[in-house]
Amino acid sequence: ESTQQRGKCSDGELKMVIVRSRGNSAQSALRRTVVKTPSDCTQVELRAFMVLLKAGGEVIEAGMAERVQSAKTLAFVYDRVNLIAIGALKNATPGYMNSVRAKAHYTGPPFMAELGWFYVKPEQRGQGLSRILVEALMPSVTGPVFGTSRIDNEVMHRTLRRYNFVQVGRPYSSLRGDYMLALFVRP
């Protein structure tokens with residue numbers, strides 16, 4: 001059974017969510033998921049987030065610290081004390097969102113934010129951690145949201161579809177490598 005503890009700032013903004021992972025295994029019982037605004041994170045948490053973000057190899061490093069600081073919420077999955085997976089709800093800039101829309105040939109309604117920066121350590125994959133991250137981040141979503149995923153990442157595609165994301169537009173080339181990206185939108 002999953003439990004959640006939510007804290008609110010005096011202005012009503014989401015401060016932190018802790019979600020205990022579902023499952024009966026001893027391993028899942030030791031996991032915890034924490035969602036915080038970047039301003040509520042310690043420098044150690046922010047550095048650990050960026051280490052895993054870099055490990056994924058799909059993020060332009062120039063300006064990364066500033067982009068992480070400007071995210072709406074960051075999600076961390078810990079196995080005891082070790083950080084094993086991350087994700088975020090990002091406040092994407094209008095220029096970036098328009099660029100994604102144009103590259104994907106998407107003409108639907110505008111987005112309010114982006115779900116992204118998902119990374120699960122290779123030895124932890126196949127345990128539903130991307131689902132846990134999306135589930136933890138969704139309470140922060142307040143309008144239409146988008147996410148991109150490599151076209152060959154069926155696991156992430158299934159996770160996004162589970163939370164009512166729909167693949168739209170056309171796949172397009174990533175600026176970070178020789179792979180294609182698919183655009184997913186949740187109205």
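Separation of atoms CE (M50) and CG (L74) is listed at 9.5 Å; rounding is to 0.5 Å. Expressed to the nearest 0.5 Å, how far NZ of K121 lies from CG of L129 amounts to 11.5 Å. Put simply, CG on L53 and CZ on R67 are 8.0 Å apart, with the number rounded to the nearest 0.5 Å. Going from atom NE2 of H157 over to atom CZ of R150 covers 10.5 Å, rounded to the nearest 0.5 Å. Remark: L133 CG to T33 OG1 distance equals 6.5 Å, nearest 0.5 Å.
The 12-atom threshold is exceeded at CZ of R125, counting heavy atoms of other residues, nucleotides or ligands nearer than 6.0 Å. Shown here is M97, whose CE atom has more than 12 heavy atoms of other residues, nucleotides or ligands within 6.0 Å.
Ring geometry for F49 versus F76: interplanar angle over 60°, hence perpendicular rather than tilted (30 to 60°).
Side-chain contact annotation: E58 with Y119, donor-acceptor N/O pair under 3.5 Å absent. No side-chain donor-acceptor contact under 3.5 Å links T73 and T37.
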Does the pair F111 and Y106 meet the rule for a ring pair (Phe, Tyr, Trp, His ring centres under 6.0 Å), with working shown?
-> CA-CA 11 Å; F111 320 121; Y106 174 69; 5.5 Å; yes
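Salt-bridge check for R161 with E154: passed, with a basic side-chain N closer than 4.0 Å to an acidic carboxylate O.
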